[in-house]
Amino acid sequence: MAAKVSFDDVEVGTELPAGEFPVTRATLVQYAGASGDFNPIHWNERFAREVGLPDVIAHGMFTMAEAARVVTDWAGDPGAVVEYGVRFTKPVVVPDDGEGAVVHVTGKVAAKLDDRCVRVDLTAMSAGQKVLGMSRAVVRLT
C-alpha cells in the first residue's frame with residue numbers, strides 16, 4: 001500500500017479530518033490483553049486512587065495509538081507514517097459509568113519536508129484537557 005494523499009495537493013495548514021475515540025473499561029481490558037500491560041492503574045479503581053490518580057486511566061500507548069489513527073486514516077496507509085512521537089501530558093481518566101471517556105483528536109499539516117514528506121501536528125483532548133503534547137507524525141505521501 002502507499003499513501004492515498006498526494007504531496008502536491010497538500011499545503012501547510014491543511015486540516016485532517018478529526019477523530020473521536022471512545023474509551024471504556026472494556027476497551028482497557030481488551031487493550032491490556034492485547035498488549036500484556038496489566039498494570040492495575042488501568043483496571044483497578046481502588047489501586048488507581050491509592051497511588052494518587054483520580055480513577056482508572058487509559059494506557060498511554062493506547063492513547064498514542066488512537067491519536068495516530070487520525071493520521072493513518074487520512075494518509076490511507078499506516079506504512080506511510082515514517083516517524084511518530086508524543087509526550088504524555090495528562091492521563092485519560094476512564095470512569096466506570098457505562099460511558100467512559102472520549103479522546104478527541106485533530107491534526108494539521110505543519111510543514112512540508114523533503115522526500116515528499118509532511119509533518120502533521122496533532123492535538124489530543126479528553127475531558128477538556130490536552131492529553132498528549134508535542135504529538136507529531138512525519139508522513140510520506142505519493
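Just so you know, residue 1 is the first one in the sequence shown, and it goes up from there.
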Consider only side-chain heavy atoms of I, L, V, M, F, W and Y, link residues closer than 4.5 Å, and tell whether V105 and V109 are in one cluster. yes
Considering all heavy atoms, the nearest G76-K4 contact: O-CE, 4.0 Å
Note, F88 side chain near V131 side chain (heavy atom, < 4.5 Å): no
Path from M125 to V94 over hydrophobic side-chain contacts below 4.5 Å: no
Do V82 and L113 sit in the same hydrophobic cluster, where Ile, Leu, Val, Met, Phe, Trp and Tyr count as joined when their side-chain heavy atoms come under 4.5 Å apart? yes
Does S135 use its side chain to pair, donor to acceptor, with the backbone of L132 at less than 3.5 Å? no
Is a side-chain donor or acceptor of T89 paired with a backbone partner of K130 at a separation under 3.5 angstrom? yes
So which atom in E99 and which in T24 form the shortest heavy-atom distance, rounded to 0.1 Å? O-CG2, 3.9 Å
Taking every non-hydrogen atom, the tightest pair across V103 and A124: CG1-CB, 4.3 Å
Minimal heavy-atom distance between L141 and F7, with the atoms involved, is CB-N, 3.7 Å
Do side-chain atoms of D115 reach the backbone of C117 as a donor and acceptor pair under 3.5 angstrom? no
Is S35 reaching over with its side chain to a backbone N or O of Y31, donor-acceptor style, under 3.5 angstrom? yes
Counting N and O atoms only, with roles assigned by atom type, does the side chain of W43 sit under 3.5 Å from a partner on the main chain of L28, one being a donor and the other an acceptor? no
Does some side-chain heavy atom of L122 sit less than 4.5 Å from a side-chain heavy atom of Y84? yes
Nearest heavy-atom contact between P22 and T27 is O-OG1, 4.3 Å
Report the C-alpha distance between D77 and T72 in whole Å, list the side-chain angles of each, state the deciding distance to 0.1 Å, and finish with yes or no for side-chain contact (heavy atoms from CB on, under 4.5 Å). CA-CA 6 Å; D77 176 16; T72 59; over 6 Å; no
Same apolar cluster: L16 and V118, side chain cutoff 4.5 Å: yes
Heavy atoms only: give me the nearest W74-V5 pair and the separation to one decimal. O-CG2, 3.1 Å
R119 side chain to V138 backbone, donor-acceptor under 3.5 Å: no
Check this for me: E50, atom CD, are more than 12 non-hydrogen atoms of other residues, nucleotides or ligands nearer than 6.0 Å? yes
Could you walk me through whether F38 and V29 pass the side-chain contact (heavy atoms from CB on, under 4.5 Å) test, one step at a time? CA-CA 8 Å; F38 294 101; V29 170; over 6 Å; no
Side-chain donor/acceptor of S126 to backbone N/O of V92, under 3.5 Å: no
More than 12 foreign heavy atoms under 6.0 Å from NZ of K90: is that the case here? no
Taking the basic N atoms (NZ, or NE/NH1/NH2) and the acidic carboxylate oxygens, is any pair closer than 4.0 Å for D121 and R136? yes
Please list every donor-acceptor pair under 3.5 Å in which a side-chain atom of residues 51-65 meets a protein atom from a residue at least two apart or in another chain.
residue	atom	partner	partner atom	Å
D55	OD1	R25	NH2	2.8
H59	NE2	D37	O	3.2
T63	OG1	H59	O	3.2

Judged by atom type as modelled, is there a donor-acceptor pair below 3.5 Å linking the side chain of K108 to the main-chain atoms of T123? no
